[in-house]
2 protein chains.
Amino acid sequence: MSSLTIGKLAKAADVKVPTIRFYEQIGLLPEPDRTDNDRRVYQEATVRRLAFIKHARQLGFPIEAVRSLLDLSDHPEQTCDSANALAEEQLASVEHKIAQLEALRTELKRMVAAGCKGAAADCQVIESLANHDLCQHDHGAPEPRRSH
Amino acid sequence: MSSLTIGKLAKAADVKVPTIRFYEQIGLLPEPDRTDNDRRVYQEATVRRLAFIKHARQLGFPIEAVRSLLDLSDHPEQTCDSANALAEEQLASVEHKIAQLEALRTELKRMVAAGCKGAAADCQVIESLANHDLCQHDHGAPEPRRSH
DNA sequence: GTGCATCCTCTAGTAGCTAGAGGATCAAGT
DNA sequence: ACTTGATCCTCTAGCTACTAGAGGATGCAC
């Protein structure tokens with residue numbers, strides 16, 4: 001039976017080391033055994049658990065949902081109604097976000113297409129921002145934050 | 001010339017009061033005059049500035065981009081190249097997010113459709129999370145966080 | 001005058017990590 | 001044996017963009 005350092009585990013599940021410690025801290029991962037020198041020692045099974053978490057997070061499930069899903073995974077005799085509910089909720093959330101972002105895209109495209117050459121005084125981008133009435137569609141508050 | 005309390009300004013621009021103080025703190029809004037009792041006093045023009053900020057934020061521009069856009073709006077004699085660049089950048093960011101979310105949607109739909117009636121042991125939602133190989137498409141890390 | 005709304009400042013909390021300080025220990029190469 | 005670099009430890013702070021709350025001082029209407 002092989003055991004892993006935190007670094008190996010991180011590589012095996014393609015997750016950063018501090019993230020593992022963080023998951024332990026919030027109770028998504030159990031506290032592992034330690035060596036004489038306080039280093040964490042993991043079993044192979046933890047790779048699967050961590051991969052499960054990672055996958056759920058990639059799909060956008062919030063941590064608390066992941067916690068519930070893990071709990072179901074740990075107790076397969078329970079009914080999976082809540083897993084279905086969580087998945088449906090997440091799907092609805094994603095579709096909602098897509099709809100919002102598509103409205104934003106429309107608006108941004110219009111701004112970019114109008115463009116302007118020259119002074120900001122005549123800039124349609126600036127003008128669009130100043131004058132919400134120019135918007136063709138409603139665009140509510142999205143989830144900000146750029147990926148860059 | 002009418003002047004406004006922070007509460008009136010908040011209502012006029014449909015923004016919460018603490019948000020205004022926050023924008024002042026980070027320098028998006030200038031420090032207003034104060035009454036004898038230290039209460040903020042705003043001019044009508046601030047409503048437009050705040051609406052500009054709100055609109056830009058709704059379109060997903062990060063604060064630092066808003067700062068640049070405001071700066072351009074304040075100095076209309078400058079060229080608006082950077083406004084165009086920011087808008088294009090934001091458009092690209094939005095399109096990127098849409099693409100990611102559509103991949104997630106596909107995956108989640110598959111999970112939900114497979115569903116399951118009964119025990120978590122046979123739940124396709126749980127199984128999908130445990131086994132990434134079941135995914136039909138790549139879905140990278142999205143921007144998580146549920147709206148609700 | 002009484003009570004509620006609004007204002008003030010300051011601090012902490014939200015989500016989900018990520019980065020860094022400061023220090024100990026391990027593993028490989030010479 | 002020694003050195004060097006990688007890895008480990010804990011703890012704290014930072015990121016985004018606000019939001020909520022404590023604790024207290026006014027303002028405004030009846």
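- Ion pairing of B:Arg39 with B:Asp33 is absent here, as no side-chain N (NZ or NE/NH1/NH2) approaches a carboxylate O to less than 4.0 Å.
- Taking the charged nitrogens against the carboxylate oxygens, A:Arg21 and A:Glu24 have no contact shorter than 4.0 Å, which rules out a salt bridge.
- A donor-acceptor contact shorter than 3.5 Å links the side chain of A:Arg57 to the backbone of A:Phe61.
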Just the table, please: protein N/O against nucleotides 11-15 of chain D N/O, every pair under 3.5 Å.
none

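- At whole-Å resolution of the value, CD1 in A:Ile63 and C1' in C:dT18 are 14 Å apart.
- If you measure from atom CZ of A:Arg57 to atom P of C:dT18, you get 10 Å, rounded to the nearest angstrom.
- Considering only heavy atoms from C-beta on, B:Leu4 stays 4.5 Å or farther from B:Gln43 through its side chain.
- Although no hydrogens or angles enter the test, the distance criterion places a donor-acceptor pair under 3.5 Å between the side chain of A:Gln90 and the main chain of A:Leu59.
- Rounded to an integer number of Å, the gap from B:Glu31 CD to C:dC8 P is 13 Å.
- In this structure, CG of A:Asp36 is placed 14 Å from C1' of D:dC8, rounded to the nearest angstrom.
- Looking at heavy-atom distances under 4.0 Å, A:Ile26 makes no contact with the nucleic acid at all.
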Which letter, B, S or -, goes with each nucleotide of nucleotides 19-29 of chain D from 5' to 3', with contact meaning a protein heavy atom under 4.0 Å?
S-----BBS--
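- Put simply, OH on A:Tyr23 is 9 Å from P on C:dG16, counting in whole angstrom units.
- Residues B:Val41 and B:Leu29 fall into different hydrophobic clusters, defined by Ile, Leu, Val, Met, Phe, Trp and Tyr side chains chained together at heavy-atom separations under 4.5 Å.
- Atom C1' of nucleotide D:dT7 and atom CZ of A:Arg34 are separated by 14 Å, given to the nearest angstrom.
- Applying the 6.0 Å contact sphere to CZ of B:Arg48 captures no more than 12 heavy atoms from other residues, nucleotides or ligands.
- A distance of 9.5 Å separates CD in B:Glu102 from NZ in B:Lys109, rounded to the nearest 0.5 Å.
- If you take CG of B:Leu4 and P of C:dC7, they are 11 Å apart, rounded to a whole angstrom.
- When all heavy atoms are compared, the tightest approach of B:Lys54 to B:Val15 is CD-CG2, 3.9 Å.
- B:Leu28 has its CG atom 13 Å from the P atom of D:dT16, to the nearest Å.
- For the pair A:Thr5 and D:dC8, the criterion of a side-chain N or O lying under 4.0 Å from OP1 or OP2 is met.
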